[in-house]
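By convention here, the first residue in the shown sequence is residue 1.
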Amino acid sequence: RACYRKLCSRCGRHSPFAPHELRRRGLRLVVEQTVLCVTIWLARWRCRKCRLVFTDYPDFRTPL
């Protein structure tokens, strides 16, 4: 797992962050007029300073 976030949003500390857990997420993709259901795993991380837990979303997926 690799965390792509560089700063904690609460305390502003630089990475590295501690791994916390994995979360399964379902996505729907449109490929040539067909909808595909895909499952991906999202990493959750904890800031070592302030203990904030956050999900690190990939670039192609925005948080809800």
Looking only at heavy atoms, which two atoms of R5 and D56 are closest? And how far apart?
N-OD1, 3.7 Å

Rounded to the nearest 0.5 Å, how far does CZ of R10 lie from CG of L52?
4.5 Å

State, yes or no, whether a side-chain contact exists between L7 and H14 at a heavy-atom distance under 4.5 Å.
yes

What heavy-atom pair brings L22 and A43 nearest, and what distance separates the two atoms?
CD2-CA, 3.9 Å

Closest contact, heavy atoms only, K49 versus C11
CD-SG, 4.1 Å

Does the side chain of T39 come under 3.5 Å of the side chain of R24 through a donor N or O and an acceptor N or O?
no

Heavy-atom side-chain contact between L29 and V35 under 4.5 Å:
no

Minimum-distance pair of heavy atoms, taken over all atoms of R28 and C37
CG-SG, 4.3 Å

Below 4.5 Å, heavy atoms only, C-beta onward: do W45 and H20 meet side chain to side chain?
no

So which atom in F17 and which in C47 form the shortest heavy-atom distance, rounded to 0.1 Å?
CD2-CA, 3.7 Å

Crowded around R23 CZ? As in, over 12 foreign heavy atoms under 6.0 Å?
yes

